[in-house]
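Report on the structure given below.
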Amino acid sequence: EAGASILLLRTCLVLLAFPIYLLSFLGIWEPFCRKVFFPFILDKLGTLHDKKSKKHKVELFRNLPDFRSPSGELRLLEIGTGSGSNFQFYPPGCKVTCSDINPNFQESLSKNMKKNQHLHYERFLVAAGEDLHQVASGSVDVVVCTLVLCSVHSVSSTLREVLRVLRPGGAFYFLEHVAAEHSSWKYFWQQVCHPTWKLVFAGCCLTRELWKNLEEAKFSELKVQHIRLALPWMPIEPHIVGYGVK
């Protein structure tokens with residue numbers, strides 16, 4: 001019953017988004033999405049999401065200074081930096097390495113860097129979360145990843161890389177949207193929207209149960225909290241927030 005309804009509604013969405021499917025088939029959509037559409041829409045949606053998630057992020061990043069290395073430095077790697085909306089939450093003097101698979105966020109990124117001159121920006125890597133070979137093993141105190149695990153090709157490979165680059169005792173901070181409760185309307189709509197949403201929003205998956213991946217990764221300590229951000233019309237709800245210690 002539900003399966004048939006999902007299929008029918010998915011088909012309706014495909015028809016509505018047909019021009020995008022066609023452009024994708026012709027190889028035009030993905031480059032356009034990466035260069036123009038996704039940075040633009042992320043800027044708009046990101047502003048709304050930042051407003052809703054601000055208090056959770058303030059709370060989440062409050063204990064960042066606890067993970068300074070013995071030398072007193074805090075070396076932080078952010079995976080999927082995007083426009084740099086997390087910079088404001090990092091403590092003064094923090095040494096930041098930014099990485100993103102998409103290098104097309106320069107404009108909003110430099111705006112956020114100018115706003116946050118309390119940080120030292122070390123370097124910018126164009127890299128996928130699954131392959132951070134430019135970062136030495138055990139070389140960072142903290143890795144941060146917000147709204148990124150939804151669109152990496154492999155969550156487990158990304159978490160393996162996170163654990164590799166962290167020093168022992170270092171921490172991985174996350175805030176991600178996840179699949180809703182399976183019996184809920186929200187989950188029904190996530191399943192309906194999933195294929196078209198993934199195509200339109202550069203590989204973003206709506207139905208990942210990321211807390212399971214985090215539990216399977218080899219963190220010595222893991223704190224995960226399930227939260228709602230009050231985004232009533234968006235399929236990117238609920239969220240998980242927390243950190244894991246290597």
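Because the structure is predicted, anything quoted here is derived from the model rather than measured.
- In terms of heavy-atom proximity, Glu237 sits nearest to Gln190 at O-NE2, 3.0 Å.
- To the nearest 0.5 angstrom, Asn116 atom CG is 6.5 Å from Gln88 atom CD.
- Among Phe67, Tyr90, Tyr243, the one residue that satisfies the ring-ring contact (aromatic ring centres under 6.0 Å, His included) test with Phe61 is Tyr90.
- Using a 4.5 Å heavy-atom cutoff, the side chains of Leu74 and Val142 are in contact.
- For the pair Phe87 and Glu78, the tightest heavy-atom approach, listed with the atom from each and the gap, is CE2-OE1, 4.0 Å.
- Just one of Lys95, Arg75, Arg68 meets the side chain to side chain donor-acceptor pair (under 3.5 Å) condition when paired with Asp141; it is Arg75.
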Val144 vs Phe174, side-chain contact (heavy atoms from CB on, under 4.5 Å): CA-CA, chis, key distance, verdict: CA-CA 6 Å; Val144 172; Phe174 54 87; over 6 Å; no
CA sep, side-chain torsions, deciding dist, call: Lys212, Glu209, salt bridge (Lys or Arg N to Asp or Glu O under 4.0 Å): CA-CA 6 Å; Lys212 293 183 179 171; Glu209 301 180 328; 2.6 Å; yes
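- Ser184 places no side-chain N or O within 3.5 Å of a backbone atom of Ala180 that could act as its donor or acceptor partner.
- Each of Thr81, Asn86, Leu125 was checked for a side chain to side chain contact (heavy atoms under 4.5 Å, CB included) with Cys98, and the lone residue meeting it is Thr81.
- Side chain of Lys246 to backbone of Pro168: no donor-acceptor contact under 3.5 angstrom is found.
- Not one N or O on the side chain of Glu122 forms a donor-acceptor pair closer than 3.5 Å with the backbone of Thr97.
- In plain terms, the two heavy atoms of Leu210 and Cys150 that are nearest each other are CD1-N, 4.4 Å.
- Remark: aromatic rings of His49 and His177 are distant, center separation not under 6.0 Å.
- Checked against side-chain contact (heavy atoms from CB on, under 4.5 Å), Leu16 has the following partners two or more places apart in sequence or in another chain: Leu13.
- Residues Leu77 and Phe172 have side chains not in contact (no heavy-atom distance under 4.5 Å, counting atoms from C-beta outward).
- Atom CG of Leu76 sits about 4.5 Å away from atom SG of Cys94, to the nearest 0.5 Å.
- Checked by atom type and distance alone, the side chain of Arg208 never pairs as donor or acceptor with a backbone atom of Val155 at under 3.5 Å.
- Heavy-atom minimum distance, Ser137 versus Arg164: OG-NH1, 2.9 Å.
- Put simply, the side chain of Val143 does not reach to within 4.5 Å of the side chain of Tyr173, judged on heavy atoms.
- Using a 4.5 Å cut-off on side-chain heavy atoms (C-beta onward), Trp197 and Ile236 make contact.
- Here the side chain of Thr196 pairs no donor or acceptor atom with the backbone of Cys193 at under 3.5 angstrom.
- Ala2 and Phe188 get closest at one heavy-atom pair: O-CE1, 4.0 Å.
- More than 12 heavy atoms of other residues, nucleotides or ligands shown are found within 6.0 angstrom of NE2 on His118.
- Taken from NZ in Lys198 to CG in Leu206, the straight-line distance is 10.0 Å, to the nearest 0.5 Å.
- Annotation: ring-ring contact (aromatic ring centres under 6.0 Å, His included) contacts involving residues 7-45, sequence neighbours excluded, comprise Trp29-Phe32, Trp29-Phe37.
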Residues Val162, Cys145; criterion side-chain contact (heavy atoms from CB on, under 4.5 Å); working and verdict: CA-CA 10 Å; Val162 165; Cys145 187; over 6 Å; no
All N/O donor-acceptor pairs, side-chain side in residues 221-233, below 3.5 Å, sequence neighbours left out:
residue: Glu221; atom: OE2; partner: Lys223; partner atom: NZ; Å: 3.3

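- Val58 places a side-chain heavy atom less than 4.5 Å from the side chain of Arg62.
- Closest approach of Leu64 and Pro91 over heavy atoms only: CD1-CD, 3.7 Å.
- For the residue pair Thr146 and Glu176, no side-chain donor N or O sits within less than 3.5 Å of a side-chain acceptor on the partner.
- Side-chain heavy atoms closer than 4.5 Å link hydrophobic residues (I, L, V, M, F, W, Y) into clusters, and following such links, possibly through other members, connects Val148 to Ile240.
- Taking CD from Glu130 and CD1 from Ile79, the interatomic distance works out to 9.0 Å, rounded to the nearest 0.5 Å.
- Note on ring orientation: taking the six-membered ring where Trp is involved, the planes of Phe124 and Tyr121 are parallel (angle under 30°, cut-offs 30° and 60°).
- Remark: the backbone N or O of Ser157 is paired with a side-chain donor or acceptor of Ser154 at under 3.5 angstrom.
- Within a 6.0 Å sphere centred on NZ of Lys57, other residues, nucleotides and ligands contribute more than 12 heavy atoms.
- Both Val140 and Leu149 are assigned to one and the same hydrophobic cluster, defined by single-linkage of ILVMFWY side chains at heavy-atom distances under 4.5 Å.
- Hydrophobic clustering (ILVMFWY, side-chain heavy atoms < 4.5 Å, transitive): Leu9 and Met234 are in distinct clusters.
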